[in-house]
Amino acid sequence: MSLRDHPRVYGTAALAVAFIAGVLVTLGFKDLYPELEARYQRRKKSAYRHSIFDLIGPVSLEDRETSSSHGDLSTFDRGHGIVDGIEGTIGNTPLIRIRSLSEATGCTILAKAEFLNGAGGSPKDRVALSMIQAAEEEGLLVPNRGDVIYEGTVGSTGISLATLARARGYRAHICMPDDVAIEKSDLLRHLGAEVERVPVAPITDPGHYVNLARARARAHSASPDTPSRGVFCDQFESLANYTAHMRTTGPEIWAQTGGGKLDAFIAGAGTGGTLSGVAKYLKEERGLGSALRVVLADPQGSGLFHKVRHGVMWSPTEREGTRRRTQVDSLVEGIGVNRVTGNFEVGRPLVDDAVRVTDEQALRMARWLVEHDGIFVGSSSAVNCVAAVVTALGLPPGSRVVTILCDSGARHLSKFWKHIAAMGLEDGGAGEKKENDGPGQGDPSLRGKDLLDVLGITHLRRK
């Protein structure tokens, strides 16, 4: 009899054959299992990494960089692999929630830690790279030809330029006022830059540090003794300044706040590039418009506060008989001017308000941040944080405010932080402990104190 006449026997036999075939296949491919499993796990991890990158990366840097090497400015994948040179450490700075300021205001105060840019340690890294790349694209700078980059600066831009100049085959010549913190010019010299500290002068004076840098560059290029060129970067007027922030800082803030979930952006203005670039990106490119409040943080002695508030460039120190010097009357370095720069003018229509910050408020804020948050920053960062607090107190509770932490306090020891110690804001009075002092005697710690009392803005307290 055939198996066709016995269905049960047929079914049992088929099942047995299938089972034996399965065993044979399993034995035959057992050596491939580890490799298949490894591939699966690699794909799974890769997909996870890409999903995290998509959440935090500057997803907005799409079409506007396709034809330019400026795309190198945003190295948003640093930390996820190898970057190329010191330029690769620029950008992708963290957005920090400052706990003490957030708790004091009832708002979330976030600060972009620009002092963590890896070349010169400030937002000027973005600007310096942008200006150098622009000059290279125009053929003004050629690596290893002996070309020299000239700039007039109070410090941070010069430090960034000096660092990147060496990395890209150039030299740097920096002109700066003779009243800036000495550690800045010392650092520049260690970076290989030639430094000229010149007397403080108004911008109309040929001896003003910016005008002098321009003149030095022209003289270099006009010299028949060398084929090299001198290039004046002109950070105050160069549009490569604000566009660096429009291409990188703004998109990073957008991404880090979950697609532009912020209510106010606060920044000081020296050249005005950061304020204008971020404002243009968030308000115009991303369409936040009036939903975002952009506020200028301005130190005492600067005329920009009145320019924003009243349309007139003026400062109380301009009154006859009250002017103490020929520049901005402030301990603060890096922000505050008495003229409208090209970079500031680009974004000025987008600035909604301004906050005037006194030197004393900035000094107290800088010490407060160390005491309560372990954040050690310089003068312009302190001004930004004071203005962020003032702005937050005028917004509904729960609002999100973003500002900038520009550079480390290590660049301000001999001037700004020296005044903090002299005010008795550091442990042990003016920074020194007397022999007879017991624990806590004479300790002026800001811990346990009210921030609004410390800053003298109790009138802004929420009711």
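Keep in mind that the numbers below use all heavy atoms, side chains included, and drop hydrogens, waters and symmetry copies. Since this is a predicted model, take the numbers as computed values, not measurements.
- Considering only residues two or more places apart in sequence or on other chains, H412 meets the side chain to side chain donor-acceptor pair (under 3.5 Å) condition with D407.
- Nearest heavy-atom pair across A267 and I404 is CB-CG1, 4.4 Å.
- Among all heavy-atom pairs drawn from G336 and D298, the shortest one is CA-OD1, 4.0 Å.
- Applying the ring-ring contact (aromatic ring centres under 6.0 Å, His included) rule to pairs touching residues 111-149 yields nothing, sequence neighbours excluded.
- The main-chain N or O of L262 is never found under 3.5 Å from a side-chain atom of T257 such that the two would form a donor-acceptor pair.
- Applying the salt bridge (charged side-chain N to carboxylate O under 4.0 Å, His left out) rule to pairs touching residues 212-229 yields E196-R216, sequence neighbours excluded.
- The two atoms that bring P199 and D178 nearest to each other are CA-OD2, 3.4 Å, heavy atoms only.
- Between V389 and W368 the shortest side-chain heavy-atom distance does not fall below 4.5 Å.
- The pair R168-E87 meets the salt-bridge criterion, with a side-chain N (NZ, NE, NH1 or NH2) lying under 4.0 Å from an Asp/Glu carboxylate O.
- For the 3.5 Å distance criterion, the side chains of T93 and E114 qualify, holding a donor opposite an acceptor.
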Give the intermediate values and the outcome of side chain to side chain contact (heavy atoms under 4.5 Å, CB included) for residues L161 and T153.
CA-CA 10 Å; L161 283 170; T153 169; over 6 Å; no

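- Residue H419 qualifies as open at atom NE2: its count of foreign heavy atoms under 6.0 Å is 12 or below.
- Shown here is H190, whose NE2 atom has no more than 12 heavy atoms of other residues, nucleotides or ligands within 6.0 Å.
- For the pair R171 and E194, the salt-bridge criterion is not met [side-chain N within less than 4.0 Å of a carboxylate O].
- Ion pairing between D263 and R293 fails under the 4.0 Å rule for side-chain N and carboxylate O.
- Under the side-chain contact (heavy atoms from CB on, under 4.5 Å) rule, S160 has a single partner from V127, L191, D125, I132, which is D125.
- With sequence neighbours left out, the salt bridge (charged side-chain N to carboxylate O under 4.0 Å, His left out) criterion links R339 to no other residue.
- For the residue pair N343 and T271, no side-chain donor N or O sits within less than 3.5 Å of a side-chain acceptor on the partner.
- Looking at heavy atoms from C-beta onward, Y281 lies out of side-chain contact with R247 at the 4.5 angstrom threshold.
- The salt bridge (charged side-chain N to carboxylate O under 4.0 Å, His left out) search around E345 returns R348, not counting sequence neighbours.
- Between F376 and A410 the shortest heavy-atom distance is CE2-N, 3.4 Å.
- Residues C385 and L405 meet the side-chain proximity criterion, which asks for heavy atoms closer than 4.5 Å.
- Between D373 and R99 no salt bridge is recorded (no basic side-chain N to carboxylate O distance below 4.0 Å).
- Sorted by first and then second residue, the side-chain hydrogen bond (donor to acceptor under 3.5 Å, both in side chains) pairs involving residues 140-151 (not counting sequence neighbours) are R145-D147, Y150-H220.
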- Task: Check step by step if side chain to side chain contact (heavy atoms under 4.5 Å, CB included) holds for M131 and T157.
- Result: CA-CA 11 Å; M131 292 190 298; T157 304; 4.2 Å; yes

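- In summary, E360 and R364 engage in a salt bridge, as defined by a charged side-chain N under 4.0 Å from a carboxylate O.
- With hydrogens and angles ignored, the 3.5 Å screen pairs a side-chain donor or acceptor of R400 with a backbone N or O of K261.
- Considering only heavy atoms from C-beta on, V377 stays 4.5 Å or farther from N384 through its side chain.
- Side-chain contact between V180 and S185 is absent, with no heavy atoms from C-beta onward closer than 4.5 Å.
- Classification of K415 and E333 as a salt-bridged pair holds, one side-chain N sitting under 4.0 Å from a carboxylate O.
- Nearest approach of G250 to V278, heavy atoms of both residues: N-CG2, 4.1 Å.
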